[in-house]
Structures are given as C-alpha cells and as structure tokens.
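The structure presented is a predicted model; accordingly, all values stated were derived computationally and were not measured.
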Amino acid sequence: MVRINLGIGRADPTKRFGERTKRTLDLKNDEANHITLLGKSGYGKTTIMRGMIEEIYSSYSDAGIPPIIIVIERKVDTSKPKKVVEIYREESENLSSAKAYRKYGEGIWNYLEHYVKEIEKDKELKYGLMGDFAIGFPNILGKYTKMASDKTKSLLGRHGLSPAAYPARRFVFRPRRDLENIAFDNGPLTEVINSKLAYPDLAFEIIADMNNLGEQTRYSAILKNIWDISKIRDPKEVLLIAGSSETSNSGPSQTYLRIEETMNRLKTDVLFTGDIDNSFLTKLTNKKINILDFSQNSELETYEECLIFKLVVQNAINVAIKYRIPVFFVVDEVQNFMKDKNGKWAIDKILREGRSLCINLICATQYTDNLPKDILIGSSHIGIMGKLASNTDTKTLEKLIPDFRDVVDFDEPGSLSEWENMKRKLRFRGYFSYNKDYTEHIEYRQPQSL
C-alpha cells in the first residue's frame with residue numbers, strides 16, 4: 001500500500017472552524033485505484049490531476065516500486081509563459097537576488113531568468129506553448145500567488161510545498177514544432193521524442209480501419225493472410241508476395257493496386273516505422289513521467305489518438321503481467337475517447353483488467369451524462385472540483401454515493417459578482433469521496449510543477 005497526499009481537510013468536520021490537517025489516500029498495490037474527477041471548466045481539474053501525478057510518482061518511487069505513469073495531454077497553454085514572464089519582471093523589481101533565491105530557490109530562479117530571457121528575444125515565436133502537463137517546469141505561479149483567504153501564504157506554502165520539476169518523457173507524433181523548442185517550453189527535466197508506431201505493433205484490423213478496407217474483399221483477405229497469419233509486416237515484402245500471385249499480363253489487378261496503396265501509406269507516413277526498436281512503446285519508462293502529447297504539438301486525427309491509446313493500454317497490460325509493476329493512466333477530458341471504438345476499448349480494458357493487474361485510471365470530465373456508467377461505477381473514488389456542471393450529475397452521484405446529499409452543498413450565485421467571487425473561492429476546492437462511502441470537503445493539493 002502507498003499513501004499519497006490529497007490536500008487539506010478539517011480535523012473535525014462537525015465544527016465550522018475546526019483545525020485543518022493533511023488528507024491522504026491509500027492506494028492498494030493488489031487492486032485498481034480508479035479515480036474520477038468531475039467539475040466545471042476552470043475549477044482546477046487538470047491542476048489537481050497534476051498534483052496527483054507528482055504524489056504518485058514520488059510516493060511509489062520512495063517505496064521502491066516506481067510505477068509507469070502515462071498522461072494523455074490534449075492542449076497547450078499560452079497563458080502560462082506570459083504569466084511566468086510577468087512574475088519574473090515584477091519579482092525582479094521588488095526582490096534582491098538573495099531574497100529571490102530564498103523565496104524560489106537559487107536553481108529555480110536562475111532557470112526562470114534563463115527562460116524569460118530566451119522568451120523575450122524570441123522573434124520567431126518558437127517558444128511560449130507550454131503543455132497542460134508541464135511536469136518538468138517548476139510551479140513559480142503557485143509560490144507567487146497568495147491565498148484569497150490568507151494573504152500571508154502562497155498556494156504552495158499553504159500545503160507546505162515548494163516549486164519543483166519532475167522528470168518527464170514527452171512523446172510527440174508527427175511533430176509540428178522543433179523538438180528542442182517543445183522541450184524548452186516544458187522545463188529542464190523534459191525529454192521529447194519524435195514518436196513512431198512500428199509495423200510489427202499494428203494488427204491487421206488496425207491497418208484495415210486506417211485504410212477503410214472492406215472485410216469481404218479479396219484484397220482484404222490476401223493482406224490479412226500475409227500481415228496477420230504469416231506475420232510478414234514489412235510493406236516491401238508484402239508487395240512482393242502480393243505481386244507473385246498476379247497472373248494478368250495487362251497490368252496490375254485492382255486487388256494488387258489496393259494492397260499497394262495501403263502499403264505505400266505506411267511507407268510514406270512519418271508516423272510509422274519498420275524498426276521495432278524505434279517504436280515509441282519501447283521507450284515508455286517508469287523512471288520518468290510519460291506524456292502522450294496529443295496537443296497542437298502533434299499532428300494527429302482523433303481516430304489516430306484513440307489508436308495510440310489502445311496500443312499503449314495493450315502494452316501496459318503485457319508489462320504489468322510480466323513485471324508486476326503498477327501502471328497509472330491519467331486522462332483529461334476522458335469523454336473524447338468514448339466516441340471512437342479504439343478509445344472506448346482502451347477505457348473498458350483498463351476498467352475490466354485493472355483490478356487484477358493494478359492498472360489504474362485517473363480521469364476527468366465536466367459531465368457524467370456523456371460517460372458510460374462503468375467509469376463511475378468502476379471508480380474507487382470520486383472527486384468533485386468546485387461545482388458540478390449539471391443537475392443530471394447531482395442525481396447520478398446521489399445514486400452512487402450514499403452520503404452525497406448529507407455532505408455536498410452547492411450555493412447558487414444570485415448575481416454576476418457573486419458568481420465571480422464564488423469561482424475564485426471554490427477553485428482547487430471541492431469534495432472527495434473515499435471508496436464512495438465517505439465524502440469530505442477538501443482543499444486539493446497544489447502541484448509543484450507548472
């Protein structure tokens with residue numbers, strides 16, 4: 001069992017102004033610990049997930065069982081670099097170097113200075129696109145920003161934390177930007193890999209889906225026999241075998257031309273490689289936090305993202321069986337994967353086999369009504385950020401969480417100013433339901449990375 005820090009809760013929830021203490025969550029090594037996070041946009045779901053990733057990475061590593069953590073990132077954030085520059089300028093004016101070193105740490109402040117100088121002289125706009133999960137960049141915003149309720153403490157200081165960077169391996173597919181620029185934006189401990197799918201990793205059904213091959217066609221039957229049954233997964237060899245059965249002297253048949261079209265796509269698309277050692281699956285590690293960059297850095301279609309997700313889940317199951325190592329999938333906006341059969345397969349597979357293999361799903365979404373009920377039912381724990389997005393969510397959770405109505409209380413704003421104040425007040429706060437049996441009002445742990 002490994003214990004992670006969730007944040008701060010009340011020592012005595014029956015007292016309005018009770019002492020506030022650290023709240024922890026025990027993650028069991030012999031079963032799944034699925035967590036679903038719910039809440040409106042802007043209340044901190046992604047931020048809280050980042051804090052959970054850091055806790056899991058540190059706590060398991062300290063226990064001598066470093067897990068494989070696989071984060072699916074969906075977008076970049078241009079506001080973070082701008083805020084970093086603003087903070088650096090303001091703090092440079094108000095603090096001496098010695099005070100800045102004491103506040104942020106000498107190494108972090110020096111890196112911040114280097115980053116800002118590079119950003120300011122960047123005339124080609126190469127930088128300034130941090131990922132939502134910039135795990136390798138220290139959270140100077142959390143050290144700078146004061147608590148709304150207690151101006152003597154920063155967001156990080158409230159939890160007894162300081163800015164820190166975590167080692168990350170970022171997998172980018174068909175990169176739209178130079179890899180070194182992506183790495184620079186995401187912190188000094190970030191490694192970026194131009195990631196490819198190897199032919200041997202692709203079953204025939206994947207090839208067929210990508211190329212809309214008809215199931216009952218002759219070319220589909222021939223290609224399936226070569227690719228899956230004979231296990232020949234080299235496009236050049238496939239074409240040689242397919243060509244050897246050609247009998248017409250008037251030119252290639254339509255069957256051959258369709259197979260050739262399919263194989264040429266594999267050969268010319270930079271997403272694929274024939275070198276199994278260059279498959280991104282071989283580079284997943286438990287020594288760093290793995291980030292599948294599905295943001296604007298990668299040029300991918302939605303069905304390709306779901307395909308990659310499926311391949312990673314298949315690989316994780318094999319690794320978990322072989323090495324008995326815990327695996328954590330962290331999926332923001334999980335509903336996006338439920339619209340594709342490969343994405344849905346991946347989620348279902350984690351939920352079905354996670355308990356026996358300690359493969360865990362931490363996911364976030366705004367609404368419950370677009371999710372399969374299996375995700376909520378299969379979750380060991382459910383967290384709520386700020387406010388729920390709809391009354392439907394409230395009714396759903398009342399059925400799943402016995403003490404939901406007794407504990408969870410949402411005030412409704414009476415004016416625009418009340419709504420703005422409420423959003424600031426509730427950001428990074430909410431409720432956490434342990435095993436769906438005990439629910440507590442909680443202030444979630446801030447991430448030490450940006």
Side-chain angles (χ1 to χ4, degrees), residues 42 46-47 49-50 53-54 71-95 97 100-101 103-145 155-156 162-196 270-271 280 283 288-300 305 330 332 446-450:
T46 303
T47 302
M49 291 173 84
R50 210 164 62 244
I53 293 168
E54 296 170 2
V71 183
I72 296 182
E73 180 184 83
R74 302 205 65 85
K75 61 183 183 294
V76 294
D77 188 342
T78 58
S79 65
K80 285 181 182 177
K82 292 176 183 176
K83 191 66 178 176
V84 165
V85 172
E86 290 173 9
I87 291 174
Y88 174 76
R89 287 174 178 167
E90 182 176 334
E91 295 287 69
S92 295
E93 291 178 4
N94 297 331
L95 301 176
S97 294
Y101 288 163
K103 182 174 182 178
Y104 294 97
E106 183 174 352
I108 289 174
W109 183 257
N110 287 338
Y111 174 74
L112 176 62
E113 182 177 50
H114 168 66
Y115 181 79
V116 170
K117 287 182 177 179
E118 291 298 315
I119 284 277
E120 290 180 330
K121 69 181 184 182
D122 176 22
K123 304 301 183 186
E124 300 175 5
L125 299 180
K126 298 183 296 182
Y127 309 132
L129 294 172
M130 279 186 198
D132 261 356
F133 291 89
I135 296 289
F137 202 109
N139 186 8
I140 60 126
L141 275 70
K143 188 66 173 178
Y144 169 84
T145 306
L155 291 178
L156 280 175
S162 299
Y166 291 77
R169 181 169 286 175
R170 181 174 284 268
F171 296 87
V172 185
F173 304 85
R174 294 198 199 100
R176 286 191 170 112
R177 303 168 60 204
D178 289 344
L179 300 187
E180 58 268 26
N181 297 341
I182 297 173
F184 181 75
D185 264 333
N186 286 283
L189 298 186
T190 301
E191 172 193 11
V192 179
I193 296 175
N194 183 356
S195 305
K196 299 179 182 295
V270 296
L271 181 61
F280 86 98
K283 297 176 173 60
K288 298 182 180 183
I289 297 167
N290 304 279
I291 300 173
L292 303 186
D293 193 332
F294 290 173
S295 76
Q296 294 86 344
N297 289 322
S298 295
E299 190 173 356
L300 291 172
E305 295 175 353
V330 182
D332 204 359
Q446 289 293 309
Q448 293 173 272
S449 68
L450 197 57

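For the pair K143 and I108, the minimum side-chain heavy-atom distance is 4.5 Å or more. With a 4.5 Å cut-off on side-chain heavy atoms, T78 and L129 count as touching.
With rounding to the nearest 0.5 angstrom, the CG atom of L112 is 8.0 Å from the CD1 atom of I87. Expressed to the nearest 0.5 Å, how far CZ of F280 lies from CD1 of I193 amounts to 10.5 Å. Note that CD of E305 and OG of S298 are 8.0 Å apart. Values are rounded to the nearest 0.5 Å. Here the straight-line distance linking atom CG of D77 with atom CE of M130 works out to 8.5 Å at 0.5 Å rounding.
Nearest heavy-atom pair across P175 and N194 is CD-OD1, 3.4 Å. Of all the heavy atoms in D185 and R177, the pair that sits closest is OD2-NH2, 2.7 Å. Scanning all heavy atoms of the two residues, the minimum distance from Q296 to V76 falls at OE1-N, 3.1 Å. Residue T190 comes nearest to A183 through the heavy atom pair O-CB, 3.9 Å, listed as atom of the first residue, atom of the second, then distance. The minimum heavy-atom distance linking N139 with P163 is given by the pair O-CG, 3.6 Å. Nearest heavy atom pair, residue S449 against residue E54, reads OG-OE2, 2.5 Å.
For S295, the side-chain hydrogen bond (donor to acceptor under 3.5 Å, both in side chains) partners are D293, N297, not counting sequence neighbours. Evaluation of the side-chain hydrogen bond (donor to acceptor under 3.5 Å, both in side chains) rule for E73 yields R170 as partners, not counting sequence neighbours. Under the side-chain hydrogen bond (donor to acceptor under 3.5 Å, both in side chains) criterion, E191 pairs with R169, K288, not counting sequence neighbours. Under the salt bridge (Lys or Arg N to Asp or Glu O under 4.0 Å) criterion, K80 pairs with no residue, sequence neighbours left out. Partners of R89 by salt bridge (Lys or Arg N to Asp or Glu O under 4.0 Å), not counting sequence neighbours, listed by chain and number: E120. Judged as a salt bridge (Lys or Arg N to Asp or Glu O under 4.0 Å), and not counting sequence neighbours, E106 has no contacts. In this view, F137 and Y111, Y115 satisfy the ring pair (Phe, Tyr, Trp, His ring centres under 6.0 Å) rule, not counting sequence neighbours. Under the side chain to side chain contact (heavy atoms under 4.5 Å, CB included) criterion, A164 pairs with Y166, Q448, sequence neighbours left out. With sequence neighbours excluded, the residues that form a side chain to side chain contact (heavy atoms under 4.5 Å, CB included) with L271 are F173, R174, L197, D269, L300, E304. Residues passing the ring pair (Phe, Tyr, Trp, His ring centres under 6.0 Å) test with Y104, sequence neighbours excluded: W109. Contacts of Y127 classified as side-chain hydrogen bond (donor to acceptor under 3.5 Å, both in side chains), with partners at least two apart in sequence or in another chain: none.
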* Starting from the C-alpha separation in whole Å, work towards a yes-or-no answer on ring-ring contact (aromatic ring centres under 6.0 Å, His included) for H114 and F184. => CA-CA 11 Å; H114 168 66; F184 181 75; 5.7 Å; yes

* Check the pair E91 / I140 against side chain to side chain contact (heavy atoms under 4.5 Å, CB included), numbers first and verdict last. => CA-CA 11 Å; E91 295 287 69; I140 60 126; over 6 Å; no

* Asked: Which is it for V116 and V84 under the side chain to side chain contact (heavy atoms under 4.5 Å, CB included) test, yes or no, and what are the steps along the way?
  -> CA-CA 8 Å; V116 170; V84 165; 4.2 Å; yes

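Listed by first and then second residue, the salt bridge (charged side-chain N to carboxylate O under 4.0 Å, His left out) pairs that reach into residues 123-134 are K75-D132, sequence neighbours excluded.
With hydrogens and angles ignored, the 3.5 Å screen pairs no side-chain donor or acceptor of D332 with any backbone N or O of T46.
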